[in-house]
Amino acid sequence: MIESNRDILAGARVLDLASHDGRWSFAALKAGAKHVTGVEARGELVDNANKLFAQYGVPDEDYDFVQGDMFQILQERKFDVDVVLCLGFIYHTLRYGELFRGIMDAGPKYCILDTKVHQSDEPVIRVLTNKTGVQGHAAKDDLSEGGLALAGYPTVSALAVMLDVYGFEIEEQFDWNALLATLPKRLRAVRGYAKGQRVTLRCRSLRS
Ligand SMILES: C[S@@+](CC[C@H](N)C(=O)[O-])C[C@H]1O[C@@H](n2cnc3c(N)ncnc32)[C@H](O)[C@@H]1O
């Protein structure tokens with residue numbers, strides 16, 4: 001996710017949506033990004049990110065973690081970035097229009113998406129629910145109800161249709177099998193990628 005995108009991360013201003021404890025923001029800075037803004041709904045994770053960055057001596061002016069619901073923040077705040085990271089989040093929502101409009105309005109040349117997908121050639125979405133009380137799941141937002149949020153696994157072709165509306169094309173789907181072939185078999189945590197259940201997409205803006 002980072003290594004194969006070093007060329008676009010070098011010197012970039014990055015927006016990291018669903019930044020968790022800052023793990024990918026940190027990796028983006030290490031890969032040469034100039035500045036990262038992380039947006040994360042859960043306050044305890046934002047606190048962890050700030051603590052970790054201070055502990056690792058990352059200069060204050062290189063990062064900013066914003067706590068809140070990304071759908072609200074993307075509407076309220078004006079971002080101007082080169083790259084958007086949206087890693088491990090798309091399968092926690094059905095609010096695609098708001099998400100991709102927010103990504104587009106942030107003005108990036110590239111967005112890197114990493115998501116679980118439904119496997120089919122059809123442009124469809126498998127609908128499911130997320131428990132908003134679970135830390136890794138969708139956070140409580142304006143549309144969640146009774147502790148549940150609607151979520152879904154889109155197919156890659158469904159993502160391509162949605163991205164196209166907001167002026168992005170899938171430039172590259174990362175070849176996880178080629179990478180995994182070079183790694184020890186015990187790395188089972190990434191087996192979803194090997195089976196095509198999860199993908200990493202580098203998407204290029206056709207507008208900026
Ligand atoms: C599966 S984790 C992925 C975290 C990280 N991006 C990664 O790839 O490791 C999903 C993250 O989305 C965050 N999240 C869920 N709903 C959100 C929302 N509406 N706004 C901002 N963050 C949200 C969760 O708190 C959690 O940190």
Side-chain angles (χ1 to χ4, degrees), residues 1-20 22-40 63 70 74 79-93 95-121 123-125 152-183 187 189-208:
M1 277 179 248
I2 296 295
E3 200 55 37
S4 66
N5 289 302
R6 272 184 181 272
D7 56 332
I8 58 173
L9 288 168
R13 295 156 302 161
V14 174
L15 175 62
D16 179 10
L17 296 173
S19 51
H20 203 271
R23 49 189 67 174
W24 295 112
S25 293
F26 187 78
L29 285 176
K30 288 282 169 199
K34 181 165 73 186
H35 185 271
V36 289
T37 304
V39 178
E40 168 56 52
Y63 67 92
M70 75 170 81
L74 285 170
F79 294 100
D80 182 15
V81 298
D82 305 299
V83 176
V84 173
L85 301 179
C86 185
L87 310 175
F89 179 72
I90 288 176
Y91 53 93
H92 293 307
T93 192
R95 298 176 72 175
Y96 305 111
E98 289 156 277
L99 178 64
F100 289 122
R101 151 110 25 230
I103 292 176
M104 183 185 81
D105 286 350
K109 292 180 197 68
Y110 283 96
C111 69
I112 303 168
L113 308 180
D114 183 88
T115 183
K116 292 180 189 171
V117 288
H118 179 62
Q119 286 176 289
S120 154
D121 292 333
V124 297
I125 298 155
Y153 289 6
T155 60
V156 172
S157 63
L159 283 169
V161 171
M162 295 189 262
L163 286 161
D164 182 56
V165 170
Y166 296 94
F168 287 91
E169 66 168 13
I170 299 175
E171 187 177 80
E172 196 184 329
Q173 179 167 340
F174 184 70
D175 186 351
W176 274 96
N177 272 314
L179 174 66
L180 293 174
T182 69
L183 300 176
L187 283 175
V190 287
R191 65 184 179 278
Y193 293 104
K195 293 182 184 161
Q197 296 164 344
R198 190 164 179 146
V199 298
T200 306
L201 305 173
R202 168 162 153 162
C203 309
R204 187 169 71 90
S205 169
L206 302 172
R207 293 188 184 155
S208 60

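Just so you know, residue 1 is the first one in the sequence shown, and it goes up from there.
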Subject >> Trp176/Arg198 under side chain to side chain contact (heavy atoms under 4.5 Å, CB included): CA gap, chis, key distance, verdict >> reply: CA-CA 9 Å; Trp176 274 96; Arg198 190 164 179 146; over 6 Å; no
**OP:** I would like to know whether Leu113 and Leu163 meet side chain to side chain contact (heavy atoms under 4.5 Å, CB included); could you show each step before the answer?
**Re:** CA-CA 11 Å; Leu113 308 180; Leu163 286 161; 4.1 Å; yes
In residues 82-89, what donor-acceptor pairs under 3.5 Å come from side-chain atoms, sequence neighbours left out?
residue	atom	partner	partner atom	Å
Asp82	OD1	Arg13	NH2	2.9
Asp82	OD1	Lys109	NZ	3.2
Asp82	OD2	Arg13	N	2.7
Asp82	OD2	Arg13	NE	3.1

Cut-off 3.5 Å, no hydrogens considered: what does the side-chain donor-acceptor table look like for residues 26-40, sequence neighbours left out?
residue	atom	partner	partner atom	Å
Glu40	OE1	His20	N	2.9
Glu40	OE2	Arg42	N	2.9

Side chains of residues 97-108: which donor-acceptor pairs under 3.5 Å do they make with residues two or more places apart or in other chains?
residue	atom	partner	partner atom	Å
Glu98	OE1	Arg95	NE	3.0
Glu98	OE2	Arg95	NE	3.3
Glu98	OE2	Arg95	NH2	2.6

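Under the 6.0 Å distance and 45° angle rule, Arg202 does not count as a cation-pi partner of Phe174.
Between the side chains of Asp114 and Tyr193, at least one donor N or O sits under 3.5 Å from an acceptor N or O.
Rounding to the nearest 0.5 Å gives a distance of 6.5 Å between CG of Asp7 and CG of Asn5. Atoms CG and NZ, on Leu180 and Lys195 in that order, are 12.0 Å from each other to the nearest 0.5 Å. With rounding to the nearest 0.5 Å, the separation of OH in Tyr110 from CG in Leu9 is 11.0 Å. Residue Ser205 holds its OG atom at 11.0 Å from CD of Glu171, rounded to the nearest 0.5 Å. Atom CG in Leu15 sits 9.0 Å away from atom CE in Met70 (nearest 0.5 Å). Atom CE of Met1 sits about 9.5 Å away from atom CD1 of Ile112, to the nearest 0.5 Å.
Gln173 places no side-chain N or O within donor-acceptor distance of the main-chain N or O of Val199, the cut-off being under 3.5 Å. Looking only at distances, no side-chain donor or acceptor of Asp164 sits under 3.5 Å from a matching main-chain atom of Ala160.
Residues Ser25 and Tyr63 form no side-chain contact, since every pair of their non-hydrogen atoms from C-beta on lies 4.5 Å or further apart. Between Leu159 and Ile90 the shortest side-chain heavy-atom distance falls below 4.5 Å. In this structure the side chain of Gln197 reaches within 4.5 angstrom of the side chain of Gln119, judged on heavy atoms.
Scanning all heavy atoms of the two residues, the minimum distance from Gly196 to Val117 falls at O-CG2, 3.5 Å.
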